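Letters A, B, ... are given to chains in the order of the sequence lines, protein chains preceding strands, and every chain is numbered from 1. These figures come from a predicted structure and were not determined experimentally.
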There are 2 protein chains.
Amino acid sequence: MTLLEKTSTSPDPEDRSMAIRETLRNAIIDRRLAPGTKLSEAEVGALFDVSRTVARAALQMLTFEGLVKTERNRGAFVSHPSPEEARQIFASRRLIEPGIVTAAVERITRDDIARFREQLIEEERYINDRGPAARRAEIKASGDFHLMLASVAGNAILQRFMDELVARSSLVIALYGRSGVSSCGHSEHFAILDLIERGDAKRAADLMLHHIDHIEADLDLQPKQGVALRDVLATG
Amino acid sequence: MTLLEKTSTSPDPEDRSMAIRETLRNAIIDRRLAPGTKLSEAEVGALFDVSRTVARAALQMLTFEGLVKTERNRGAFVSHPSPEEARQIFASRRLIEPGIVTAAVERITRDDIARFREQLIEEERYINDRGPAARRAEIKASGDFHLMLASVAGNAILQRFMDELVARSSLVIALYGRSGVSSCGHSEHFAILDLIERGDAKRAADLMLHHIDHIEADLDLQPKQGVALRDVLATG
DNA sequence: GCTGTGCAAATTGTATGCAATTTCGATATC
DNA sequence: GATATCGAAATTGCATACAATTTGCACAGC
């Protein structure tokens with residue numbers, strides 16, 4: 001039993017810091033923890049009933065995947081990606097995701113497609129619901145579509161990269177999103193799935209590229225005044 | 001001063017676990033630490049004159065980037081990638097590196113090109129030298145070409161991904177390489193740089209793709225009997 | 001001689017204690 | 001009243017102690 005490969009993203013249930021990481025990750029992704037929020041070791045430890053050692057390990061992992069930023073002797077904070085970081089995140093996705101779609105076309109099964117349709121229908125439900133809880137679920141579901149695709153593509157390394165990119169994209173959308181979540185994105189998910197089902201790798205990859213462009217176009221990534229501080233002081 | 005962004009790959013000199021990570025990383029990359037070697041916390045700690053806490057943090061980072069594999073209650077070992085992992089590593093590189101070349105064409109400066117030529121000439125020297133030290137230096141230099149390219153491309157996230165992929169590639173080549181390092185790879189580095197210098201993004205990206213194929217083709221990635229254990233037991 | 005059991009050594013997992021650093025408020029001074 | 005300075009509280013960095021688990025050897029039994 002222990003000989004079976006384990007996908008790198010499934011948390012080892014025995015490792016407590018991994019479980020904490022997962023929980024915090026989810027909280028960050030669906031915006032219950034806002035960018036900039038401080039995550040002190042003692043607080044996290046108390047919350048999960050573990051020592052600072054374990055809490056610290058979890059925060060270190062989150063730091064490694066860019067969801068948390070730690071400053072020496074100051075502590076860990078939920079990442080607050082700059083517009084430049086946001087651009088890099090989406091540039092990375094533009095590079096990787098068309099390839100993932102292409103690989104997925106080769107490997108997707110009838111069962112996979114059924115699960116995708118289920119997922120998309122659930123996503124749809126959240127779009128029509130009102131309230132912050134539905135909004136959170138919608139964001140999560142929207143990202144999950146991309147992650148499921150990465151999972152089907154069958155490359156554990158790319159899957160991990162996508163885990164990171166999708167999670168960080170959530171942060172970016174939370175910070176710079178204009179219209180909450182672009183609901184046009186949802187119909188694109190359906191369209192991409194259709195093209196994949198038909199085996200049209202070229203068009204599917206192309207639509208994925210446009211889809212990512214659309215998500216990024218919905219952001220307000222103004223340079224944010226590189227000279228911000230000076231200006232603020234001058235006018236204040 | 002502290003307002004300046006810091007590239008994610010430059011180690012914080014104050015953070016001792018980061019320095020240890022870098023040292024171990026280099027030792028793994030140029031094969032002074034063979035795949036499978038055990039890295040016990042106490043040993044690492046003693047070697048760098050720090051407590052297990054710090055050593056453990058370094059090993060955790062290396063685990064995260066796939067260079068080390070830790071088994072619960074057993075310890076950390078230098079990764080021993082399977083043929084399947086090897087294929088995934090190169091598949092990932094095929095996806096990412098052409099894009100990096102394309103981005104590099106846009107951003108490379110005359111100074112960068114000069115530095116690249118220096119680097120390639122040094123690489124050439126190691127190829128002609130004999131002995132294991134030269135071999136190690138050659139492997140390192142060969143990977144550095146790809147990392148310099150990633151650095152010029154100006155995307156810190158992709159750069160980190162490439163850091164990981166190139167490091168893990170070293171392990172794969174150490175394990176499965178037929179001819180040490182494919183020396184044809186070196187001339188391809190020159191050719192890629194030439195195309196980049198001329199601004200021919202399309203051909204440069206294409207050659208990079210072929211270059212990666214050539215590296216992978218030099219490997220002996222036999223399926224290694226996926227049913228290994230059962231068969232061994234049946235025949236024994 | 002071979003196999004199975006059990007104990008001891010070694011190693012990791014976790015908690016905790018102390019030192020170093022930062023933060024924030026109180027107080028003194030202008 | 002505003003500002004600068006000092007000091008206490010809080011927080012992180014790191015080392016160490018102890019518990020839990022694994023490993024390997026020794027020894028008994030066959």
Side-chain angles (χ1 to χ4, degrees), chain A residues 1-4 6 10-24 33-64 66-80 229 232-233 236, chain B residues 1-4 6 10-24 33-64 66-80 233 236:
Chain A
M1 206 57 81
T2 60
L3 290 176
L4 291 173
K6 187 165 278 186
S10 84
D12 203 64
E14 318 237 320
D15 211 351
R16 294 195 279 169
S17 60
M18 203 70 108
I20 295 173
R21 168 194 165 217
E22 279 296 314
T23 303
L24 289 180
L33 287 173
T37 306
K38 167 144 198 193
L39 301 172
S40 89
E41 299 177 358
E43 191 184 352
V44 171
L47 205 55
F48 292 91
D49 199 46
V50 295
S51 75
R52 276 180 51 214
T53 307
V54 176
R56 189 185 178 85
L59 292 173
Q60 263 176 303
M61 290 191 267
L62 290 167
T63 299
F64 233 82
L67 289 182
V68 157
K69 192 157 188 155
T70 69
E71 296 170 40
R72 184 173 178 92
N73 282 319
R74 294 230 27 249
F77 306 83
V78 178
S79 281
H80 191 302
L229 185 57
V232 168
L233 295 180
Chain B
M1 203 57 83
T2 59
L3 290 176
L4 291 172
K6 185 166 282 190
S10 84
D12 202 70
E14 316 236 320
D15 208 352
R16 294 192 279 167
S17 60
M18 204 72 107
I20 294 173
R21 168 192 166 219
E22 280 296 314
T23 304
L24 289 180
L33 287 172
T37 305
K38 167 145 201 193
L39 302 171
S40 89
E41 298 176 358
E43 193 185 351
V44 171
L47 206 55
F48 291 92
D49 200 47
V50 296
S51 76
R52 274 181 52 214
T53 308
V54 177
R56 189 186 177 85
L59 292 174
Q60 231 181 307
M61 290 190 267
L62 290 167
T63 298
F64 235 82
L67 289 182
V68 157
K69 190 157 190 156
T70 68
E71 296 170 40
R72 183 171 177 93
N73 281 317
R74 296 231 23 249
F77 305 83
V78 178
S79 282
H80 190 302
L233 295 180

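In this model, the phosphate group of D:dC14 is approached by a side-chain N or O of B:Arg16 to a distance below 4.0 Å at OP1 or OP2. Put simply, A:Ser51 has no side-chain N or O that comes within less than 4.0 Å of OP1 or OP2 on C:dT14.
Atom CG in B:Leu39 sits roughly 19 Å away from atom P in C:dA10 (whole-Å rounding). Per the geometry, CD1 belonging to B:Ile20 stands 15 Å off P belonging to D:dG13, to the nearest Å. Counting to the nearest Å, the P atom of C:dT14 and the CZ atom of A:Phe48 are 15 Å from each other. B:Arg72 places its CZ atom 12 Å from the C1' atom of D:dT22, with the value rounded to the nearest Å. One atom, CD of B:Glu41, and another, P of D:dT22, lie 15 Å apart when rounded to the nearest Å. One atom, CG of B:Asp15, and another, C1' of C:dT21, lie 15 Å apart when rounded to the nearest Å. The distance from atom CG of A:Asn73 to atom C1' of C:dC18 is 15 Å, rounded to the nearest whole Å. Rounded to whole angstrom, the span from the CZ atom of A:Phe77 across to the P atom of D:dT11 amounts to 11 Å.
For the pair B:Ser79 and B:Gly66, the tightest heavy-atom approach, listed with the atom from each and the gap, is OG-O, 2.9 Å.
Remark on DNA chain C: of its neighbouring residues B:Arg56 and A:Arg52, the 5'-side contact belongs to B:Arg56, judged by nearest-heavy-atom nucleotide. With DNA chain D read from its 5' end, the first of the two nearest nucleotides for A:Thr53 and A:Arg74 is the one closest to A:Arg74.
Using a 4.0 Å heavy-atom distance criterion, B:Ser40 is classed as a sugar-phosphate-only contact.
One distance of note links NZ of B:Lys69 with CZ of B:Phe77; it measures 11.5 Å at 0.5 Å rounding. To the nearest 0.5 Å, atom CG of residue B:Leu47 and atom CG of residue B:Leu39 are 10.0 Å apart.
Exactly one residue among B:Glu41, B:Arg52, B:Arg21 makes a side-chain contact (heavy atoms from CB on, under 4.5 Å) with B:Leu59. That residue is B:Glu41.
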